[in-house]
Amino acid sequence: LDGGVYEFVITASNGDGTLCESQVSFIIEKENSFFENPAARIGLLVLILIALALMIIGFIMLQKKIKKKNIALEQLSKEHEEAVKSSSAKNDYLANMSNEIKTPINAMMVKAEELHNLIGDNESYSDIIKSIYNTGNDIIGKVDDIILLAKIEAGKVDMIKAPYSISTMMYDLSEIVIQKIGERSVKFFVEIGENVTDMVIGDSEKIKDILKRILDNSIKFTKEGSITLSVDCYAYGDKAHHDIVNVVFTIADTGIGIQEERLESLFEIYNIADNVKNNPHSGNGVGLAIAKGYADLMDGEIEVESSYGAGSTFTFTLKKVDL
């Protein structure tokens with residue numbers, strides 16, 4: 001019942017239905033409940049209106065946020081498309097420039113070979129022609145490396161998985177290194193760990209290319225002393241994984257080493273200018289950048305430790321290699 005004053009009248013009757021002449025009456029006064037109070041009702045109505053207003057405002061703000069997100073996503077999509085187009089355009093441009101540069105150099109090398117055939121074995125001229133030929137080959141190699149690096153950055157390099165022999169790879173690399181060292185007083189060592197599983201699965205050509213580029217770096221900066229190429233296999237995870245191993249290649253040299261401030265940016269092609277400016281022994285950086293790019297595509301890691309003046313150690317780790 002609502003709040004107010006209520007009067008109750010009680011009458012009684014006997015068994016034959018005769019009513020009692022006297023009646024009993026009493027009054028009950030009931031106070032208004034909270035929600036029966038006009039002020040409370042007005043307050044509740046105001047709260048409901050405020051809640052509705054907040055819900056409407058929240059809905060409008062949510063719509064605006066969703067609209068902003070959609071605009072941002074559209075913009076991101078456009079930027080991605082432009083980046084893809086830009087990357088594709090860059091690759092096309094580099095490929096065209098590659099041909100533009102390589103064509104005259106190849107022609108120059110052909111002329112040098114023709115000249116060598118004309119003059120015969122004249123030692124004074126033969127050395128000059130050989131130098132021209134080697135320089136041309138070097139330039140073409142650098143151009144090809146730049147094109148390859150652009151392809152790696154654009155994700156346009158296909159990975160191949162096939163069985164290969166670690167020992168055969170080590171032998172092939174040894175022949176290359178020994179030929180490049182030549183008559184220099186640099187010793188070359190190869191170490192194959194006892195745990196090495198010879199036949200594994202992976203992209204052997206790219207793995208060999210990574211090791212070759214790191215070895216080239218060691219050969220370039222090691223005038224005397226030694227270079228050591230080693231490999232070992234380690235069980236992956238628990239012993240239940242008998243068909244998976246981690247393969248670790250290590251290349252250690254006693255060369256000039258690497259300055260500490262250069263270690264963090266060693267594999268970054270875009271820091272070449274600073275490296276050359278601050279270090280007269282710096283190379284062009286493309287080879288190590290390509291090695292790092294290939295390693296990343298294989299989910300591998302390349303780490304380097306070096307003490308300037310006392311040599312460097314590169315560690316190339318291939319994880320979860322199938323047998």
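The first residue of the sequence shown is numbered 1, and numbering continues consecutively from there.
Annotation: side chain of D145 is in contact with side chain of R213 (closest heavy-atom distance under 4.5 Å). Considering only heavy atoms from C-beta on, L173 stays 4.5 Å or farther from F249 through its side chain. Here the side chains of K142 and V286 are not in contact, with every heavy-atom distance at 4.5 Å or above. Here the side chains of E305 and T315 are not in contact, with every heavy-atom distance at 4.5 Å or above. Taking the side chain as every heavy atom from C-beta outward, V231 and I166 approach each other to under 4.5 Å. Looking at V157 and K206, their side chains come closer than 4.5 Å, going by heavy atoms from C-beta outward. Residues I227 and F189 fail the side-chain proximity criterion, which asks for heavy atoms closer than 4.5 Å. The side-chain heavy atoms of L318 and I207, taken from C-beta on, include a pair separated by under 4.5 Å.
Rounding to the nearest 0.5 Å places CG of L229 at 12.0 Å from CG of D253. Note that OG1 of T228 is 10.0 Å distant from CD1 of I251, once rounded to the nearest 0.5 Å. Taken to the nearest 0.5 Å, the CZ atom of F316 stands 7.0 Å off from the CD1 atom of I214. The CD1 atom of I160 sits 8.5 Å away from atom CD of E205, with the distance rounded to the nearest 0.5 Å. The line from CG of D299 to NZ of K320 is 8.0 Å long, rounded to the nearest 0.5 Å. The OH atom of Y294 sits 8.0 Å away from the CG atom of D203 when rounded to the nearest 0.5 Å.
In terms of heavy-atom proximity, V190 sits nearest to M170 at CG1-CE, 3.7 Å. In this structure, G257 and S312 approach most closely via the heavy-atom pair CA-OG, 3.5 Å. Residues T254 and G225 come closest through the heavy atom pair OG1-CA, 3.2 Å. Pairing each heavy atom of F188 with each of L215, the nearest pair is CE1-CD2, 4.3 Å. Between A252 and T313, the shortest heavy-atom contact is CB-OG1, 3.7 Å. Between C233 and V247 the shortest heavy-atom distance is SG-CG2, 4.0 Å.
Proximity of a side-chain donor or acceptor of S226 to a complementary backbone N or O of K187 within less than 3.5 Å is not detected. No donor-acceptor distance shorter than 3.5 angstrom exists from the side chain of D322 to the backbone of I201, with no hydrogens or angles considered. Checked by atom type and distance alone, the side chain of K156 never pairs as donor or acceptor with a backbone atom of E153 at under 3.5 Å. A donor-acceptor pair under 3.5 Å links the side-chain atoms of S165 to the main chain of T168, judged by distance alone.
Following chains of ILVMFWY side-chain contacts shorter than 4.5 Å, one can reach F314 starting from V177, so the two form part of one hydrophobic cluster. Residues L211 and L297 are members of one and the same hydrophobic cluster, defined by side-chain heavy-atom contacts under 4.5 angstrom among Ile, Leu, Val, Met, Phe, Trp and Tyr. Cluster annotation: L148 and M298 are assigned to the same hydrophobic cluster (Ile/Leu/Val/Met/Phe/Trp/Tyr, side-chain heavy-atom contacts under 4.5 Å, transitive). The cluster map of Ile, Leu, Val, Met, Phe, Trp and Tyr, joined by side-chain heavy atoms under 4.5 Å apart, puts M159 and I210 in the same cluster.
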Intermediate values then yes/no, side-chain contact (heavy atoms from CB on, under 4.5 Å), V304 and F267: CA-CA 10 Å; V304 57; F267 300 98; 4.3 Å; yes

From CA spacing to verdict: side-chain contact (heavy atoms from CB on, under 4.5 Å), V245, Y234: CA-CA 6 Å; V245 294; Y234 301 93; over 6 Å; no

Test side-chain contact (heavy atoms from CB on, under 4.5 Å) applied to R184 and I219, step by step: CA-CA 10 Å; R184 280 190 286 170; I219 294 167; 2.8 Å; yes

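D296 has a carboxylate O that lies under 4.0 Å from a charged side-chain N of K292, or vice versa, which qualifies the two as a salt bridge. A salt bridge between D216 and K180 is present, with a side-chain N of the basic residue lying under 4.0 Å from a carboxylate O of the acidic one.
Surrounding CD of E175 are more than 12 heavy atoms belonging to other residues, nucleotides or ligands, all under 6.0 Å away. Few gaps surround NZ on K223; more than 12 heavy atoms of other groups in view lie less than 6.0 Å from it.
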